[in-house]
Amino acid sequence: MQEADTRDPLDALDVTTRDVDRLCSVEPADVDPAPHLSFARNVFLPLTTACRYTCTYCTYFDPPGEASLMSREDVRQVLETGADAGCTEALFTFGDKPDDRYAAIHDQLDAWGHDSIHEYLYEMCELALDVGLLPHSNPGDLQHDEMAMLAEVNASMGVMLETTADVDAHAGPRQKTPEQRLDTIRAAGEVGIPFTTGILVGIGESWKDRAESLLAIRELNERYGHIQEVLVQPVVENERWNSPTPDAGTLRRAVAMARVALPEEVSIQVPPNLAPVREVLDCGVDDLGGVSPVTDDHINPDYAWPGLDELEAITGEAGVPLGERLPVYKRFVDDGDWIDERIETAIAADTVHGERFRSVLEYGENPAEV
Ligand SMILES: O=c1nc2n(C[C@H](O)[C@H](O)[C@H](O)CO)c3cc(O)ccc3cc-2c(=O)[nH]1
Ligand SMILES: C[C@H]1O[C@@H](n2cnc3c(N)ncnc32)[C@H](O)[C@@H]1O
Ligand code: MET
Ligand code: SF4
């Protein structure tokens, strides 16, 4: 079991009460709507539902006894379906360090010749690159060395901060802590991998906590410049979480706060399957995240992604163009210091997939035409 972490999550981060108060006073009317919206076309690969944590809003994690892993062949099949459907992103996200908690996962990994889930993930990212997709992995909390290893085979990586507050939703014997989440985001900065993070809205945090969380992300981005996008994700109802999802007014204000807190080059993402996007488009959202034409959102399976035609209709009504992007934002590809040689090679390759990556990178539009 992990030891109790007694650090203040905001220690060593320059987040002042004055900044928090100022951010708390932001209203949606204070921000300009974004001039365009982007999304990435992805396939979702939930390597395992086993997880060391037990977040009370999450229906993704398995009860003990049912732990299993997607095999290499399962993974290959999903990747190939995705590549055939014109996807550019392989989204690997799954339970946090499942091998720590479940002997069955550890034993299966061992039988396949791997010491950890992260090693197996590395191999699956290589497989994604072979099949013609760019990996984006969110395996939860990582140490610096794990992050450094995975950065070699990922176009970008991510972890949700969720919140800097200690909330009951993260209570229990094995808890997700703000300290570990911030350490993970910091490790990504040290390694220099383009990174996605964000806040989960409605899990028991206050407005002050939302402001502190966004300012903590800003502070880490000021140090490392690695944050590519910040998700403002409303918690949604399911069999485990029966408090109401935040209302549109709450979400609008949280999005506006995120827009004010982060510099312009950092995108603000709202997932279109969880949030009423029409109602937040004028508050500074400029990205709709990964949308899949082939797989479900395995984390929130009751919430289907709108089709691309619907996304286009929504953005059309708002009068902003919708453009497709890669899982790594263009500015990080253009500035060669951010992505590993293997990712650069995949994008530069003289193959059907390489050509597709370059066309998405250069044109970023006409999502309906693949
Ligand atoms: O479909 C989902 N995609 C999620 N994504 C994927 C995301 O929409 C895209 O993969 C990124 O925008 C990269 O293109 C996340 C990525 C992260 O790095 C961190 C958290 C999330 C959370 C979700 C999520 O809840 N559902
Ligand atoms: C991958 C991300 O999915 C999010 N996540 C987990 N459960 C829910 C839910 N009920 N509603 C919205 N987001 C959720 C967490 O923020 C996690 O970090
Ligand atoms: C289903 S959540 C996905 C990744 C990881 N378990 C986390 O919470 O960050
Ligand atoms: S949100 Fe992630 S860390 Fe929390 S229980 Fe679900 S899978 Fe595990």
Side-chain angles (χ1 to χ4, degrees), residues 38-62 87-98 101 117 121 133-142 154-163 167 169-170 174-177 180-181 184-185 188 193-203 213 227-246 251 267-275 286-292 295-305 324-329 332 360:
S38 54
F39 76 101
R41 204 183 296 248
N42 71 13
V43 276
F44 201 126
L45 295 123
L47 289 189
T48 178
T49 60
C51 183
R52 69 171 149 172
Y53 298 140
T54 51
C55 308
T56 63
Y57 44 74
C58 175
T59 48
Y60 181 80
F61 68 88
D62 262 343
C87 299
T88 66
E89 170 177 342
L91 167 63
F92 290 97
T93 188
F94 48 89
D96 229 280
K97 289 225 168 115
R101 183 173 169 202
I117 189 79
L121 172 61
L133 291 164
L134 297 173
H136 170 94
S137 296
N138 167 14
D141 289 322
L142 293 177
N154 276 276
S156 64
M157 293 182 64
V159 82
M160 290 284 277
L161 170 58
E162 322 290 9
T163 178
V167 291
H170 296 153
R174 294 170 307 277
Q175 25 178 306
K176 202 180 241 184
T177 68
Q180 283 167 303
R181 305 304 264 188
T184 303
I185 303 169
I193 174 95
F195 206 70
T196 296
T197 187
I199 59 169
L200 191 53
V201 181
I203 54 171
S213 304
I227 304 298
Q228 57 172 4
E229 53 184 358
V230 171
L231 277 68
V232 179
Q233 181 147 315
V235 70
V236 292
E237 290 176 58
N238 57 43
E239 306 91 83
R240 284 209 176 99
W241 186 260
N242 50 26
S243 318
T245 190
L251 208 57
S267 282
I268 306 300
Q269 177 183 134
V270 170
N273 61 327
L274 307 183
D286 65 348
D287 185 73
L288 302 174
V291 173
S292 185
T295 48
D296 288 341
D297 180 341
H298 289 275
I299 304 170
N300 296 294
D302 297 338
Y303 298 80
W305 275 302
E324 186 175 353
R325 64 165 170 84
L326 296 180
V328 52
Y329 284 66
F332 291 103
V360 171

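Just the heavy atoms: all of them, side chains too, but no hydrogens, waters or symmetry mates, feed the values below. Whatever order the structure lists them in is the order used to number ligands and atoms, beginning at 1.
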So do the side chains of Glu89 and Leu134 get within less than 4.5 Å of each other, counting heavy atoms only?
no
Think Arg240 forms a cation-pi with Phe61, using NZ or CZ under 6.0 Å from the six-ring centre and within 45 degrees of its axis?
yes
Determine whether Lys97 and Asp141 make a side-chain contact, defined as any pair of heavy atoms from C-beta on separated by less than 4.5 Å.
no
Under 4.0 Å from ligand 1, counting heavy atoms only: the protein residues, by chain and number
Ala40, Phe44, Glu89, Leu91, His136, Asn138, Gly158, Met160, Thr196, Glu229, Leu231, Gln233, Gln269, Gly289, Gly290, Asp297, Ile299, Trp305, Arg325, Pro327
Any idea how Trp305 and Phe44 line up, ring-wise: parallel (<30°), tilted (30 to 60°), or perpendicular (>60°)?
tilted
To the nearest 0.5 Å, what is the distance between CH2 on Trp241 and CD1 on Ile203?
7.0 Å
Would you please test Thr245 and Glu237 for side chain to side chain donor-acceptor pair (under 3.5 Å) and show each step?
CA-CA 6 Å; Thr245 190; Glu237 290 176 58; over 6 Å; no
Can you list everything that forms a side chain to side chain donor-acceptor pair (under 3.5 Å) with Thr295? Sequence neighbours excluded, please.
Ser292
Please determine if Glu324 and Arg41 form a salt bridge, counting it only when a charged side-chain N lies under 4.0 Å from a carboxylate O.
yes
In a simple table, one pair per line, please give the protein and ligand 2 atom names for every N or O pair closer than 3.5 Å, along with the distance.
from: ligand 2; atom 1: 10 (N); to: Tyr57; atom 2: O; distance (Å): 2.9
from: ligand 2; atom 1: 10 (N); to: Val236; atom 2: O; distance (Å): 3.1
from: ligand 2; atom 1: 10 (N); to: Asn238; atom 2: ND2; distance (Å): 3.2
from: ligand 2; atom 1: 11 (N); to: Val236; atom 2: N; distance (Å): 2.9
from: ligand 2; atom 1: 13 (N); to: Gln233; atom 2: NE2; distance (Å): 3.0
from: ligand 2; atom 1: 16 (O); to: Glu162; atom 2: OE1; distance (Å): 2.6
from: ligand 2; atom 1: 16 (O); to: Glu162; atom 2: OE2; distance (Å): 3.3
from: ligand 2; atom 1: 18 (O); to: Glu162; atom 2: OE2; distance (Å): 2.6

Rounded distance (nearest 0.5 Å) linking atom CG of Asn42 with atom CZ of Phe92:
11.0 Å
Spacing of OG belonging to Ser137 relative to CG belonging to Leu45, to within rounding of 0.5 Å:
9.0 Å
May I have every N or O pair linking ligand 3 to the protein at under 3.5 Å, one per line with atom names and distance?
from: ligand 3; atom 1: 6 (N); to: Phe94; atom 2: O; distance (Å): 3.1
from: ligand 3; atom 1: 8 (O); to: Lys176; atom 2: NZ; distance (Å): 3.0
from: ligand 3; atom 1: 9 (O); to: Arg181; atom 2: NH2; distance (Å): 2.7

